[in-house]
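Just below is one structure, and these are the notes that go with it.
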Amino acid sequence: MSNGVRYEKSGHVAVVTLDRPEVLNAMDLRMHQELARVWDDFEADDDMWVAVLTGAGTRAFSVGQDLKELAERVRAGSAGTATFGSRGKPGWPRLTERFDLTKPVVAKVRGYAMGGGFELALACDIVVASAEATFALPEARLGLMAGAGGVFRLTRQLPWRSAMGHLLTGRPMTARRAFELGLVNEVVPADELDACVDGWVADILRCAPLSVRAIKEAATKSVTMPLETAFSTRFVWEERRMHSTDAVEGPLAFVEKREPQWRGR
């Protein structure tokens, strides 16, 4: 695809690549528009069971907003003001606000994941990073706000003082530290990153796709609920899973000592 995004499908896997390596995969408005079309297609395609989100080249996953484009818009008087979320802006809803996306997304992070790039990773379900990867939300140093969910997700995914320490200073975080804090699932040498992500994807694909979607939905929707409420809530994808042929296929395959043939219905 054009406009700084590559979108490739293979089997049940969609690979979404932020493709502006010459600017460390900084995201301009055209890229956001393209990404919205990509995520719409991924969600609508029943053959796509998992997505991998990554950045082109070896230097960066993404350094976030294209600040040169922003500066040009400021000089032209067309930038307006910005705060939380992307409603009313090109590419809405962006991945960081697709709260009903129940298909899993795996982030493959090389190099810098800064600002909006880090916020994209925070919105993914599994994050695998190369050993030299660096994460940061430097918005406070720029008079900006981590408005694509960084200020909300980091405080939910880290211990409070760890999150505030990074948010209030813009200090970077190594991949190893991100792993220690639970933000990253696995850290591997750069030359092992592709194989490691492939392993995670393969493990997801061994699972029933409706189970995966039901689990993600129930986990994300229930996180702010009292436990009793969570148990009594009817979740959309759990309703579909419990009445699916895959819910029968799984136990049968186990008893018959064979690999299940998932149909996603």
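Just so it is clear, the model here is predicted, and its values are computed rather than measured.
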What verdict does the side-chain contact (heavy atoms from CB on, under 4.5 Å) test give for Asp100 and Lys221, after you've listed the backbone C-alpha separation in whole Å, the side-chain angles of each residue and the deciding distance to 0.1 Å?
CA-CA 9 Å; Asp100 293 325; Lys221 297 290 187 185; 2.6 Å; yes
Derivation and outcome, side-chain contact (heavy atoms from CB on, under 4.5 Å), residues Asp194 and Arg110:
CA-CA 10 Å; Asp194 289 345; Arg110 284 189 178 90; 2.9 Å; yes
Stepwise, does the salt bridge (charged side-chain N to carboxylate O under 4.0 Å, His left out) test hold for Asp125 with Lys216?
CA-CA 8 Å; Asp125 304 294; Lys216 177 175 174 177; 2.8 Å; yes
For Leu158 and Met164: C-alpha separation, side-chain torsions, deciding distance, then whether side-chain contact (heavy atoms from CB on, under 4.5 Å) applies.
CA-CA 9 Å; Leu158 285 186; Met164 293 302 287; over 6 Å; no
For a side-chain contact (heavy atoms from CB on, under 4.5 Å) check, start with the C-alpha distance between Leu120 and Thr96, then their side-chain angles and the critical distance, and finish with the verdict.
CA-CA 6 Å; Leu120 281 179; Thr96 48; 4.2 Å; yes
Ring pair (Phe, Tyr, Trp, His ring centres under 6.0 Å) for Phe84 and Phe152? Distances and angles first, verdict last.
CA-CA 10 Å; Phe84 301 111; Phe152 303 135; 4.8 Å; yes
Is there a salt bridge (charged side-chain N to carboxylate O under 4.0 Å, His left out) between Arg241 and Glu217? Walk through the geometry before answering.
CA-CA 12 Å; Arg241 181 212 62 80; Glu217 181 188 36; over 6 Å; no
As a quick check of understanding, evaluate salt bridge (charged side-chain N to carboxylate O under 4.0 Å, His left out) for Lys9 and Asp47, giving each step before the final call.
CA-CA 9 Å; Lys9 298 179 181 181; Asp47 287 332; over 6 Å; no
For the pair Arg240 and Asp246, evaluate salt bridge (charged side-chain N to carboxylate O under 4.0 Å, His left out) and give the outcome as yes or no after the intermediate values.
CA-CA 10 Å; Arg240 298 184 187 184; Asp246 283 355; over 6 Å; no
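At most 12 non-hydrogen atoms from other residues, nucleotides or ligands lie less than 6.0 angstrom from CD of Glu228. Dense packing is recorded around CZ of Phe135, with more than 12 heavy atoms of other residues, nucleotides or ligands lying under 6.0 Å away. Other residues, nucleotides and ligands contribute over 12 non-hydrogen atoms within 6.0 Å of the CD atom of Glu22. No more than 12 heavy atoms of other residues, nucleotides or ligands lie within 6.0 Å of CZ in Arg75, so this atom counts as exposed by the packing criterion. Within 6.0 Å of atom CZ in Arg141, more than 12 heavy atoms from other residues, nucleotides or ligands are found, so the atom counts as buried in its surroundings.
Heavy-atom minimum distance, Cys124 versus Ala107: SG-CB, 3.7 Å. Closest approach of Pro209 and Gly264 over heavy atoms only: CG-CA, 3.7 Å. Contact record, Trp262 with Gly250: CH2-CA, 3.7 Å, taken as the closest heavy-atom pair. Of all non-hydrogen atoms in Tyr7 and Val16, the two that sit nearest each other are CD1-CG2, 3.9 Å. Considering every non-hydrogen atom in both Lys103 and Phe42, the closest pair reads NZ-O, 2.6 Å. Closest heavy-atom contact between Thr102 and Glu43: N-OE1, 4.4 Å.
Residues Leu122 and Met27 fall within the same hydrophobic cluster, defined by Ile, Leu, Val, Met, Phe, Trp and Tyr side chains chained together at heavy-atom separations under 4.5 Å. The cluster map of Ile, Leu, Val, Met, Phe, Trp and Tyr, joined by side-chain heavy atoms under 4.5 Å apart, puts Met114 and Val128 in different clusters. In the hydrophobic cluster analysis, where Ile, Leu, Val, Met, Phe, Trp and Tyr join through side-chain heavy atoms closer than 4.5 angstrom, Phe254 is grouped apart from Val212. Linking ILVMFWY residues whenever their side-chain heavy atoms come closer than 4.5 Å, directly or via other members, places Leu137 and Leu95 in the same cluster. Hydrophobic cluster membership is shared by Leu35 and Met48, with clusters built from Ile, Leu, Val, Met, Phe, Trp and Tyr side chains linked at under 4.5 angstrom.
In terms of modelled atom types and a separation under 3.5 Å, the side chain of Ser10 and the main chain of Val13 share no donor-acceptor contact. With hydrogens and angles ignored, the 3.5 Å screen pairs a side-chain donor or acceptor of Thr169 with a backbone N or O of Gly165. No donor-acceptor pair under 3.5 Å is formed between the side chain of Gln33 and the backbone N or O of Pro90.
A salt bridge links Asp40 and Arg98; the closest N-O separation between the charged side-chain nitrogens and carboxylate oxygens is under 4.0 Å. A salt bridge between Arg153 and Glu119 is absent, with no side-chain N of the basic residue lying under 4.0 Å from a carboxylate O of the acidic one. A salt bridge is defined here as a Lys NZ or Arg NE, NH1 or NH2 lying under 4.0 Å from an Asp or Glu carboxylate O, and Arg94 with Glu97 fails to meet this definition.
Using a 4.5 Å heavy-atom threshold, the side chains of Arg265 and Ser244 count as separate. Counting heavy atoms from C-beta on, the side chains of Val5 and Asp19 never come closer than 4.5 Å. At least one side-chain heavy atom of Met173 sits less than 4.5 Å from a side-chain heavy atom of Leu183. Two residues are said to be in side-chain contact when any heavy atoms from C-beta on lie closer than 4.5 Å; His166 and Leu154 meet this criterion. Using a 4.5 Å heavy-atom threshold, the side chains of Leu210 and Trp237 count as touching. Using a 4.5 Å heavy-atom threshold, the side chains of Phe231 and Ser222 count as separate. In this structure, Leu18 and Met31 have side chains that are in contact, with non-hydrogen atoms separated by less than 4.5 Å. Val151 has its side chain within reach of Leu167: a pair of non-hydrogen atoms, C-beta onward, lies under 4.5 Å apart.
Here the straight-line distance linking atom CZ of Arg37 with atom NE2 of His32 works out to 13.0 Å at 0.5 Å rounding. Distance check, rounded to the nearest 0.5 Å: CZ of Arg171 to CZ of Arg177 gives 11.5 Å. Expressed to the nearest 0.5 Å, how far CG of Leu252 lies from CD of Gln261 amounts to 12.5 Å. Taking CG of Leu144 as the reference point, atom CD of Glu139 lies at 6.5 Å (rounded to 0.5 Å). Note that CG of Leu193 is 5.5 Å distant from OG of Ser130, once rounded to the nearest 0.5 Å. Expressed to the nearest 0.5 Å, how far NE2 of His12 lies from CG of Asp46 amounts to 11.0 Å.
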Ignoring hydrogens and angles, write down the donor-acceptor pairs under 3.5 Å from the side chains of residues 51-63, residues two or more places apart or on other chains.
unit_1	atom_1	unit_2	atom_2	d
Thr54	OG1	Lys108	O	3.0
Ser62	OG	Asn25	O	2.8
Ser62	OG	Gly64	N	3.0

Scan the side chains in residues 67-74 for donor-acceptor partners under 3.5 Å anywhere in the protein, sequence neighbours excluded, and list what turns up.
unit_1	atom_1	unit_2	atom_2	d
Glu69	OE1	Leu29	N	3.2
Glu69	OE2	Leu29	N	3.4

Please list, one pair per line, the donor and acceptor atoms closer than 3.5 Å that link side chains of residues 197-205 to other protein atoms, with sequence neighbours excluded.
unit_1	atom_1	unit_2	atom_2	d
Trp200	NE1	Glu186	OE1	2.9
Asp203	OD1	Arg206	NH1	2.3

